[in-house]
Structure formats: structure tokens, C-alpha cells
Protein chains: 4
Amino acid sequence: MNDTKKSIFESAIKIFSKCGYNGATMDAIASEAGVAKGTLYYHFKSKEEIFNFIVREGMELIKNSIEDVASEKDNILCKIKVLCRIQLSLVYESRDFFKVVMSQIWGEELRQLELRAAINKHICYTQSYLEEGMDKGVIKRGDSYLMAYTLFGTICSTAVYELINDDKGSLDQLIERQLKYILEGIQERK
Amino acid sequence: MNDTKKSIFESAIKIFSKCGYNGATMDAIASEAGVAKGTLYYHFKSKEEIFNFIVREGMELIKNSIEDVASEKDNILCKIKVLCRIQLSLVYESRDFFKVVMSQIWGEELRQLELRAAINKHICYTQSYLEEGMDKGVIKRGDSYLMAYTLFGTICSTAVYELINDDKGSLDQLIERQLKYILEGIQERK
Amino acid sequence: MNDTKKSIFESAIKIFSKCGYNGATMDAIASEAGVAKGTLYYHFKSKEEIFNFIVREGMELIKNSIEDVASEKDNILCKIKVLCRIQLSLVYESRDFFKVVMSQIWGEELRQLELRAAINKHICYTQSYLEEGMDKGVIKRGDSYLMAYTLFGTICSTAVYELINDDKGSLDQLIERQLKYILEGIQERK
Amino acid sequence: MNDTKKSIFESAIKIFSKCGYNGATMDAIASEAGVAKGTLYYHFKSKEEIFNFIVREGMELIKNSIEDVASEKDNILCKIKVLCRIQLSLVYESRDFFKVVMSQIWGEELRQLELRAAINKHICYTQSYLEEGMDKGVIKRGDSYLMAYTLFGTICSTAVYELINDDKGSLDQLIERQLKYILEGIQERK
DNA sequence: AATGAATGAGATTTCATTCAT
DNA sequence: GATGAATGAAATCTCATTCAT
């Protein structure tokens with residue numbers, strides 16, 4: 001990915017996150033990237049292709065981030081904690097990408113079906129960690145697939161939290177709290 | 001709200017949920033409602049007004065549903081459980097409304113800021129339940145605001161689950177599982 | 001076909017004939033028709049649909065013109081002469097339509113393949129007249145299909161003649177001459 | 001004309017014939033020629049210049065072909081027959097060039113007016129053969145200019161025939177038939 | 001000689017809104 | 001109350017041309 005393409009890629013994430021897919025205009029993306037409109041079409045066949053490229057690259061990046069760190073641990077509970085922490089902090093670091101995903105996951109257009117497939121693949125990937133946790137006895141036995149979704153829900157809630165409340169101060173604390181809720185629940189043990 | 005307006009209202013939810021705000025066309029809404037395009041403008045000033053009307057009515061409905069049932073219970077843990085169950089089942093019953101909210105919450109347009117405010121208000125409302133739970137010693141002491149978001153996240157995850165997996169069979173079971181995860185966590189107690 | 005649509009239809013023929021299909025712009029057609037660009041799209045789905053509509057209507061018109069007059073004659077040679085005369089005079093009266101056909105018949109786009117099919121159908125239709133002429137002994141026995149093409153070629157030559165030479169004075173004389181060439185040839189009988 | 005320029009020249013004919021002038025893109029021509037787009041502009045000033053170059057070269061070639069063969073005969077009827085035969089077979093051998101001419105002859109752009117002038121010059125050239133035929137008593141006396149157009153029309157009809165029917169088998173037979181029709185007409189002599 | 005990234009003017013198309021009926 | 005033809009601003013996309021390498 002050369003400089004121009006990278007610049008378009010980053011600008012598109014910014015604009016898509018602010019305006020949604022249909023609200024984002026090629027003019028806005030071009031202007032944000034500091035290139036002419038025609039240049040977008042030199043590097044991408046269409047607006048939809050920019051979108052798909054973003055999704056593909058973004059999901060790849062997340063997967064790599066997780067694998068890099070998780071591979072260092074051999075304790076499965078640690079791995080799961082790392083998995084959660086990384087995703088939770090990515091919500092902050094790649095907030096624009098998350099907004100694009102979360103706003104575009106709901107419709108019935110082809111690009112949205114593909115996005116859903118990508119998200120489902122990611123959730124299945126985290127599911128495999130949970131199943132290893134069940135085998136090792138550190139995660140409660142149960143519907144690992146649904147559990148993986150619950151975990152994804154926590155990511156979502158964090159994204160919404162970040163969206164509505166701009167408090168960036170206590171990021172680490174926030175992440176630890178969320179992690180605790182998901183692992184141990186919110187109900188007081190009797 | 002007369003029949004025509006109601007028909008437009010329901011069609012608009014359907015179209016907004018399928019296409020997003022910008023992707024939805026007045027043509028599509030009119031055609032879904034079985035009326036002429038001009039009729040939309042007889043009942044609503046603009047597309048944005050249809051959207052705002054939907055959000056207002058929808059949030060009102062949810063709040064009423066919760067209050068109706070919660071008022072019957074006097075045990076706060078029961079109230080919280082009911083609160084969760086109702087919202088989780090609403091994800092299924094009003095799935096189109098949820099899609100509209102979830103897809104439109106992320107941008108910076110005026111209508112989106114207003115939507116966020118409405119959602120935040122709703123979360124604060126559930127927060128008050130959690131605080132009562134803390135006072136009564138059934139919910140772990142902690143950041144009740146963040147906890148309310150976590151709860152909202154579970155709603156989100158259920159919505160995404162419903163979106164990707166069409167299994168409608170075991171709805172009650174699903175809800176009970178989600179409820180258990182949020183209350184008791186996913187980690188095995190030692 | 002209401003007034004607006006008719007106006008678009010006629011303007012489009014004019015513009016297509018002057019600029020070709022790709023050279024014609026929707027702006028030019030709209031401006032010629034005295035309507036807004038959006039109005040074109042209210043009546044036709046696309047530029048291509050305008051083109052196809054023109055071809056369909058135009059061929060229909062020609063066929064009707066021929067049938068109307070030919071049905072009055074019972075002598076087959078008279079019918080064939082009428083067939084030729086009508087087409088030759090149509091070259092002048094509907095010169096813009098002919099230019100559209102002649103300029104667009106050559107490519108490999110879908111609309112052009114359809115146009116070719118329409119032209120071929122028309123040629124086959126004139127072929128049936130020639131075959132009747134052969135049966136009645138007034139037309140030389142031979143390849144009636146190729147002969148029908150030769151007849152079409154005379155139409156073409158007249159169109160090119162009209163294009164290059166603006167002499168409109170002696171239209172009837174011109175037609176009679178062309179008719180004589182095609183029926184009796186240009187070579188001096190020995 | 002070096003190899004690169006020749007390759008561009010031939011590719012341009014192919015693309016122009018398939019897409020028309022406005023439909024042909026410099027990208028398509030470059031890709032067909034197997035060179036970069038910039039290379040086109042090294043050899044030609046503009047798209048229009050490529051077009052004009054093609055017309056000039058093509059007309060030159062046709063004239064030379066005719067003169068070469070016609071000069072061998074001294075009988076004028078033979079010359080005229082040769083003239084027809086060569087042009088009719090050129091329709092097959094240089095079909096792409098013919099398509100370019102036939103599709104581009106109709107508009108009002110400068111390049112098209114120039115093309116018409118070139119065609120008219122060619123028709124006047126064949127006219128001079130017909131006049132010699134009239135003087136020698138082998139061609140019917142009459143409007144030699146119109147007659148030359150009729151002859152050109154037969155070329156057109158053959159091109160359309162070739163376009164719609166791919167039967168390449170009986171080329172010589174086809175040409176002889178066309179020649180007969182134009183010389184002797186299609187009507188049965190009584 | 002040749003390249004191909006970049007451009008921007010201009011093309012086709014979309015669609016929320018208006019308005020006369 | 002309801003309609004749908006008409007609009008025009010703005011969207012996506014195309015492509016001949018330029019220019020630094």
C-alpha cells in the first residue's frame with residue numbers, strides 16, 4: 001500500500017465513521033486525503049471497494065494484534081484476558097474503524113452481508129479461545145458461541161460508552177473494570 | 001396517529017432498518033407503505049422528521065414496557081432481571097427499531113446527537129435500578145454508570161447474534177443464558 | 001405517450017443523430033426538450049432505455065407506414081415499389097432516426113446487438129415481399145435474403161447522399177431514379 | 001511508422017470499430033496495443049489525431065488497391081467490375097475500418113465533416129469511372145453522381161450483411177451476386 | 001521512448017422536496 | 001387528504017490529458 005492509497009484508506013475510515021457509508025461522499029474522502037476525486041478511482045474501483053478494503057484490512061490488523069500478544073502467553077486464562085484487553089483498547093485506538101463496523105453491520109446490502117460474515121468469523125475465532133478455557137476448567141461450561149457474542153457485546157458497550165462519554169483519562173481502569181464484569185458478572189455473590 | 005400515518009411509520013422503520021438513514025429513500029418508504037410519495041409530506045415535514053418521530057415513539061414504548069412490568073415486582077433483583085429480560089426480548093420483537101438505533105447512533109449529524117442523548121437517558125434510567133441493587137446489596141458495588149453500559153452491551157450482542165443467526169427457536173433459553181452471563185460472569189469460580 | 005415523454009423522445013432522436021449515442025449527453029437532451037435533467041429519469045430509467053425506446057417506436061412506425069400503403073395494392077410489383085418509395089422518402093422525413101440507426105448499428109454493446117436484431121427483422125420482412133415477387137415472376141429468382149439487403153443498401157446510399165448533399169429540391173425525382181437503379185440495374189442492356 | 005505506432009494504429013481501429021469514437025477510451029486502446037497510456041501521447045497528440053490518422057491511412061490504402069488493379073485493365077466495364085469487386089472484398093478484409101467509417105460519418109463534429117469530405121472524394125472518384133462507362137456506352141446514361149452513391153450503398157449493404165450474418169464461406173459467390181444486382185437490377189425482364 | 005500516477009472537467013444518475021390538481 | 005409529475009442540487013463515476021520519472 002503506497003502513500004497515496006494509505007492516505008485514502010485513512011481518510012475514508014474517518015469520513016465513513018463520521019457520516020456512515022451512504023452519508024460519506026467521495027468528495028469528502030478526497031478532500032480529507034488531499035487528493036483529487038479522480039485519484040480515488042485510480043486506486044479503487046468504487047466507493048464500495050474502498051469500504052470492503054477497509055473492512056478486510058481492519059479485521060486483519062485486529063487478528064494480528066491479538067495473535068502477536070496471545071502467542072506469548074501459555075496460560076489460557078491469561079490469553080483470554082489479553083484477548084479482551086486488546087479488543088477493548090482497540091475500541092479506543094481504532095475508534096473510527098469500530099464506528100464504521102458498528103454502523104454498517106445492520107443492513108442487507110452485499111457489503112453489509114460480507115461485513116457480517118467477517119465479524120462472525122472473528123467471533124468464532126474468539127470462541128475457540130473460550131473453548132480451550134472450558135477444556136482447561138477456567139471458563140464455565142456452556143454455549144461457547146453465545147458466550148463469544150456476549151464478549152463481543154462488551155466491546156460494543158465500551159464503544160458506545162466511549163462515544164457518549166469523552167472521558168479518556170482512566171482508560172486502563174475502565175478496561176479492567178469491563179474485564180471484571182465479563183469474567184465475574186455484576187451480581188453480588190451470596 | 002391515523003391509519004395512513006401509522007402505515008408510513010411502520011414502513012419507515014422497516015426501510016430505515018434495512019437501508020440506514022441515508023440509504024433509505026422516500027420512494028422506498030412510500031412504496032412499502034402503499035402510498036404516493038407526496039403523502040409522506042402530507043404527514044411529515046421531512047425525512048428527518050419521520051426519523052425523529054420513530055425514535056421518540058420507540059424509546060417511549062420501551063420505557064413503558066419496562067415500567068409496566070417492573071412496577072409489579074418489589075424485589076429489586078427481580079426488577080433488574082425483568083428489566084434485562086424485557087430488553088432482550090424487545091431485541092427480537094422490535095428488531096427493526098433496534099437496527100435503526102444501532103446503525104444511527106454513531107455519526108455526528110444533529111439527529112444522531114439527539115438519538116445518542118435519548119439512548120444515554122435510557123441507560124441512566126437502567127443505572128438507577130442498578131444503584132438501588134447496590135444499596136440493597138444484590139449488585140456488586142462499583143461504577144453503576146459503566147455497569148449500565150455493560151448491560152446495554154449485552155443487548156447489543158444479542159441483537160448482533162440475532163442478526164447473524166436466524167435461530168428463533170430457543171428465544172427464552174437464549175435470554176436466560178445471556179442473563180446468567182451478565183449477572184454471574186463467564187469465568188469458573190474456583 | 002404524454003407530452004413530456006414525447007418531447008423527450010423527439011429531442012433525444014435529434015441529439016443522438018447529431019452526436020451519436022456516447023456523444024449525446026443527458027444535459028443536451030433535457031435542454032433540447034426544455035425539461036430538467038431529473039425529468040428524463042422520471043420517464044426513462046436510463047440513457048440506454050431512451051435509446052431502446054426510440055429504436056422500438058421508430059421501427060414500429062416504419063413498419064406501420066409500409067403496411068398501411070402496401071395493403072391498398074394487390075399487384076406485388078406495385079407493393080414492392082411502394083415499399084421502396086416509402087423507405088426512401090422516410091430517409092428524408094425521418095432522417096434523424098436513420099442517422100441514429102446507421103451510426104449505432106456497428107458496435108458490440110447490448111443496445112447495438114438489439115438494434116441489429118431489429119434491423120434484421122425489418123429486412124426479413126421486406127424479404128417476404130421479394131419472395132412473393134419471385135413467385136409471381138416479377139422478381140428474378142435468387143437469394144431473396146441477400147436481395148433484401150441490397151435493397152436496404154440503397155436506403156443507406158440515399159441516406160449518405162442526403163447527408164452529404166443538401167439538395168432537397170428534386171426529392172421525388174431522386175427516389176424514382178434510385179428505384180429504377182435497384183429494379184433495372186445501372187448497366188446498359190445490349 | 002515504427003512497430004509501436006503501428007500497434008497503436010491497429011489497436012485503435014479495433015477499438016474504434018467496437019466502441020465508436022466516443023465509446024473508445026484511450027485506456028482500451030493502450031491495453032489492446034499492450035503499451036502504457038502515456039505512450040499513446042508520445043506518438044499522437046490526441047485521441048482525435050489517432051482517428052484522423054486512421055481515416056487518412058485507410059482511404060489511401062483503398063485508393064491504391066483500386067488503382068493498382070484497375071490500371072491493368074483497358075476495358076472500362078472490366079474496370080468498373082474490378083472497382084466493385086475490390087471494394088466489396090475490402091468490406092470483409094478491412095471490416096473494422098469500414099465500421100469506423102460507417103459509424104462516424106453521421107455527426108456534425110469537425111472530424112466527422114472531414115471524414116464525409118474524404119468519403120465524398122472517394123465517391124467522386126468512382127463516379128469518374130461510371131462516366132467513362134457512359135461515354136463508352138456500357139453504363140446507362142443518367143446522374144452519374146447519384147449512381148456512384150448507389151454503388152456505395154451496395155458496399156454498405158454488404159457491410160451490414162457481413163455484420164449480421166457471419167457466413168464467411170461463400171465470399172466470392174456473394175460478391176458476384178451483389179455485382180449482378182447492381183449492374184442488372186433485381187426485376188425480371190419481360 | 002515509454003511509463004503510469006494523478007488530475008479535473010464533465011458525464012450519468014439519484015433523490016428529497018415542491019406543487020398543481 | 002392524497003397524488004405523482006417535475007425539479008435541481010448533489011452524488012458517483014469516467015476519461016482525455018498531463019507530467020515527473
Side-chain angles (χ1 to χ4, degrees), chain A residues 2-5 7-8 19 21-30 33-50, chain B residues 2-5 7-8 19 21-31 33-50, chain C residues 2-5 7-8 19 22-30 33-50, chain D residues 2-5 8 19 21-31 33-50:
Chain A
N2 67 25
D3 281 1
T4 305
K5 192 163 183 181
S7 163
I8 294 171
C19 311
Y21 179 81
N22 283 300
T25 70
M26 297 300 266
D27 266 308
I29 294 171
V35 299
K37 220 186 325 185
T39 307
L40 301 188
Y41 288 91
Y42 185 78
H43 290 279
F44 297 93
K45 241 177 51 202
S46 66
K47 186 178 169 180
E48 186 153 11
E49 217 201 40
I50 299 183
Chain B
N2 69 24
D3 280 4
T4 305
K5 190 164 181 179
S7 163
I8 294 172
C19 312
Y21 179 81
N22 282 301
T25 69
M26 296 301 264
D27 266 307
I29 295 171
S31 150
V35 299
K37 206 177 358 175
T39 309
L40 301 187
Y41 287 88
Y42 184 81
H43 291 279
F44 297 93
K45 236 178 59 206
S46 68
K47 186 177 170 180
E48 186 150 12
E49 218 201 40
I50 300 181
Chain C
N2 68 26
D3 281 2
T4 306
K5 192 164 182 179
S7 162
I8 294 171
C19 312
N22 283 300
T25 71
M26 296 302 264
D27 265 308
I29 295 171
V35 298
K37 221 187 320 186
T39 306
L40 302 187
Y41 287 91
Y42 185 79
H43 291 278
F44 298 92
K45 244 177 48 203
S46 66
K47 185 177 171 181
E48 186 153 12
E49 217 200 41
I50 299 183
Chain D
N2 68 24
D3 280 2
T4 306
K5 189 164 183 180
I8 294 171
C19 312
Y21 179 80
N22 282 301
T25 68
M26 296 299 266
D27 266 307
I29 295 171
S31 151
V35 298
K37 206 178 355 176
T39 308
L40 302 188
Y41 287 89
Y42 184 80
H43 291 278
F44 297 92
K45 234 180 60 207
S46 66
K47 185 176 170 180
E48 186 149 13
E49 217 201 41
I50 300 181

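Each chain gets a letter, A, B and so on, in the order its sequence line appears, and its residues count up from 1.
What separates CG of D:Leu40 from P of E:dG4 is a distance of 12 Å, to the nearest Å. A straight line from NE2 of A:His43 to C1' of E:dG4 spans 10 Å, rounded to a whole angstrom. Per the geometry, CZ belonging to A:Phe44 stands 12 Å off P belonging to E:dA6, to the nearest Å. D:Ile8 has its CD1 atom 12 Å from the P atom of E:dA1, to the nearest Å.
For the residue pair B:Lys5 and B:Phe44, the shortest heavy atom distance occurs at CE-CZ, 3.6 Å. When every heavy atom of A:Ala24 is checked against every heavy atom of A:Cys19, the shortest pair comes out as N-CB, 3.6 Å. Closest of all the heavy-atom pairs between A:Ser7 and A:Ala33 is OG-O, 3.2 Å. Across every non-hydrogen atom of D:Ile8 and D:Thr39, the tightest pair is CD1-O, 4.2 Å.
A 6.0 Å sphere centred on CG of B:Asp3 holds no more than 12 heavy atoms belonging to other residues, nucleotides or ligands.
Taking the side chain to side chain contact (heavy atoms under 4.5 Å, CB included) definition, one finds that A:Lys47 meets it with A:Phe16, A:Tyr21, A:Met26, sequence neighbours left out.
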| message | What does the B/S/- profile of nucleotides 13-21 of chain E look like, 5' to 3', with a 4.0 Å heavy-atom cutoff to protein? | response | BBSBBB---

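Interatomic distance, C:Leu40 CG to C:Ile29 CD1, rounded to the nearest 0.5 Å: 6.5 Å. In this structure, the separation between NZ on D:Lys37 and OG1 on D:Thr25 is 7.5 Å, given to the nearest 0.5 Å.
At least one side-chain nitrogen or oxygen of D:Tyr42 sits closer than 4.0 Å to the OP1 or OP2 atom of E:dA1.
The side chain of A:Thr4 lies closest to E:dA6 when the candidates are F:dG8, E:dA2, E:dA6.
For DNA chain F, the stems formed by at least three consecutive Watson-Crick or G-U pairs, with both atom-pair distances below 3.5 Å, span E:2-21 with F:2-21.
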